[in-house]
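Just so you know, these numbers come straight off a predicted model, no measurement behind them. Numbers for residues simply follow the sequence, beginning at 1.
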Amino acid sequence: MTTTSWRETGWVPVNRRTGAGRRVRVAVGLASLVLLAGGAGPAIAQAPRVLIVGPIDTYGALVAGVSEGLQSAGFRDAERIRIDVRNARAGDEATAVIGAAVEEGVDAIVTIFGPSTQAARAATTRVPIVFCPVADPVAAKFVASSEAPGGNLTGVASADAEASRRRLIAFRQVLPALRRLAVLFDPDFPPDRVQVANLEQTARSVGITLLTRTVADGDAAVAALQALGQSEVEAVLILKEALLRRAAEEIGRVAIERKLPIVVGDPDLVALPGVVAAVGPSQQHTGQLCGEMTARILHGAKAASLAVGHPVFELLVNLKEAGRLGLVIPEGAVEQAVRVIR
């Protein structure tokens, strides 16, 4: 079997003795961001203004990463940059914040996730927008292509074809015998449709055959698992996170009975019954990429020519649930994991 390194998958390498490679503390990054945004006087009036908008109260690591990315590019204090950080949980809140910022004058907008990105795109075709991240910016029609965005938007993609390929490679590291993967998705949920299309586009290139099943709710997911067996697939990927959260106990019970390990893309779900691994983008690194992109724009680059980036993926492993399923996770994958449940 060919061994795939963390550099190919985009995993974060972790020194398990020292913890090197883990996320920098969010508090440190946010403190730096306050320093950047603080201050007053004539110098700040000449400094470029950047708006960061989105559900930042629950995604502090993203915002901290943006701060670090800007600082690494030379924007270290209030004399060089002015940053306005605004919390907006919904699209209408983001619309109001972005509209006011555009009217007052802003040099760049960093949007946290899709609703804020949609609001920003509707508000301006002139101000550069860095999305941080969106699932598939091409499918969402935010950019013309990943290589050449072509408008005033660029940023980081977390579930496009390339991101899907990296995630599948990571799942194979955890489950080396994985050749057939069942994918449970809700066809009425647009992000699920996009992810399934991208998984289908890339699965064959990493030696995995997909078996897709449409599920609208927890009952349908349970029924789909009951109809599957190890003779058909070696693992199950459940795309719709809300569905898994609502029916975690029922889905996990059936998965364990059927000896079907569950893999997910949301690190927060790794502790659920039946889940053996999660592979998701590092918030810290995603934010850093967006901060670096924003800095390049402030230095004169055009969003239209800045290729869409891809984050480092973090691996989380649940050895407790693997044991209940009779699985042994390779030591190499355990060593790569940023979190291990034993």
Please tabulate, for the side chains in residues 317-329, all donor-acceptor contacts under 3.5 angstrom to protein atoms that are two or more places apart in sequence or on a different chain.
residue, atom, partner, partner atom, Å
N318, OD1, K320, N, 3.2
N318, OD1, E321, N, 2.9
N318, ND2, V270, O, 2.9
E321, OE1, G274, N, 2.7
E321, OE1, R324, NH1, 3.4
E321, OE2, R324, NH1, 3.2

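- In this structure the side chain of P191 never reaches within 4.5 angstrom of the side chain of L239, judged on heavy atoms.
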Could you give me the CA-CA distance, side-chain angles and deciding distance for H310 and D160, then say whether side chain to side chain contact (heavy atoms under 4.5 Å, CB included) is met?
CA-CA 9 Å; H310 293 91; D160 64 359; 2.8 Å; yes

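- In terms of the salt bridge (charged side-chain N to carboxylate O under 4.0 Å, His left out) criterion, residue partners of R245 (sequence neighbours excluded) are, by chain and number, D266.
- In the hydrophobic clustering of this structure, L243 groups with V254; members are Ile, Leu, Val, Met, Phe, Trp, Tyr whose side-chain heavy atoms approach within less than 4.5 Å, directly or through other members.
- Annotation: the span from I109 atom CD1 to R121 atom CZ amounts to 13.5 Å, rounded to 0.5 Å.
- Remark: A94 pairs with V53, A88, I98, S116, A119 by the side chain to side chain contact (heavy atoms under 4.5 Å, CB included) rule, at least two apart or across chains.
- D57 is linked by a salt bridge (charged side-chain N to carboxylate O under 4.0 Å, His left out) to R89, counting only residues two or more places apart in sequence or in another chain.
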Take M293 and F131 through the test side chain to side chain contact (heavy atoms under 4.5 Å, CB included) and record every step on the way to the result.
CA-CA 10 Å; M293 284 183 168; F131 44 80; over 6 Å; no

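- Partners of R253 according to the side chain to side chain contact (heavy atoms under 4.5 Å, CB included) rule, which considers only residues two or more places apart in sequence or in another chain, are E257.
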Start with the C-alpha distance between V138 and V308, add both sets of side-chain angles, then the distance that settles side chain to side chain contact (heavy atoms under 4.5 Å, CB included), and finish with yes or no.
CA-CA 10 Å; V138 176; V308 170; over 6 Å; no

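- A182 meets the side chain to side chain contact (heavy atoms under 4.5 Å, CB included) test with L184, L228, V233, V236; sequence neighbours excluded.
- Residue pairs that meet the side chain to side chain donor-acceptor pair (under 3.5 Å) test with at least one member in residues 130-155, sequence neighbours left out, are D136-N198.
- Sorted by first then second residue, the salt bridge (charged side-chain N to carboxylate O under 4.0 Å, His left out) pairs that include residues 288-303, not counting sequence neighbours, number zero.
- Legend: residues meeting side chain to side chain contact (heavy atoms under 4.5 Å, CB included) with E250, ordered by chain and number and at least two apart, are V222, A247.
- Between Q284 and E68, some side-chain heavy-atom pair lies under the 4.5 Å cut-off.
- V194 and L168 sit in two unconnected hydrophobic clusters of ILVMFWY residues. Membership requires side-chain heavy atoms under 4.5 Å apart, directly or through other members.
- Counting Ile, Leu, Val, Met, Phe, Trp and Tyr side chains that sit under 4.5 Å apart, directly or through other members, V156 shares a hydrophobic cluster with L289.
- For the atom pair Q71 CD and R80 CZ, the distance stands at 12.0 Å (nearest 0.5 Å).
- For the atom pair CD1 (I129) and CZ (F142), the distance works out to 9.0 Å, reported to the nearest 0.5 Å.
- Taking 4.5 Å as the limit, some side-chain heavy atom of R342 sits within range of a side-chain heavy atom of V334.
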I52 and I112: side chain to side chain contact (heavy atoms under 4.5 Å, CB included), yes or no, with the steps?
CA-CA 7 Å; I52 303 176; I112 308 300; 4.3 Å; yes

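- With values rounded to the nearest 0.5 angstrom, Q336 atom CD is found 7.5 Å from L315 atom CG.
- Listed by first then second residue, pairs satisfying side chain to side chain donor-acceptor pair (under 3.5 Å) with a partner in residues 209-228 number zero, not counting sequence neighbours.
- Every residue two or more places apart in sequence or in another chain that forms a salt bridge (charged side-chain N to carboxylate O under 4.0 Å, His left out) with E104 is listed here: R49.
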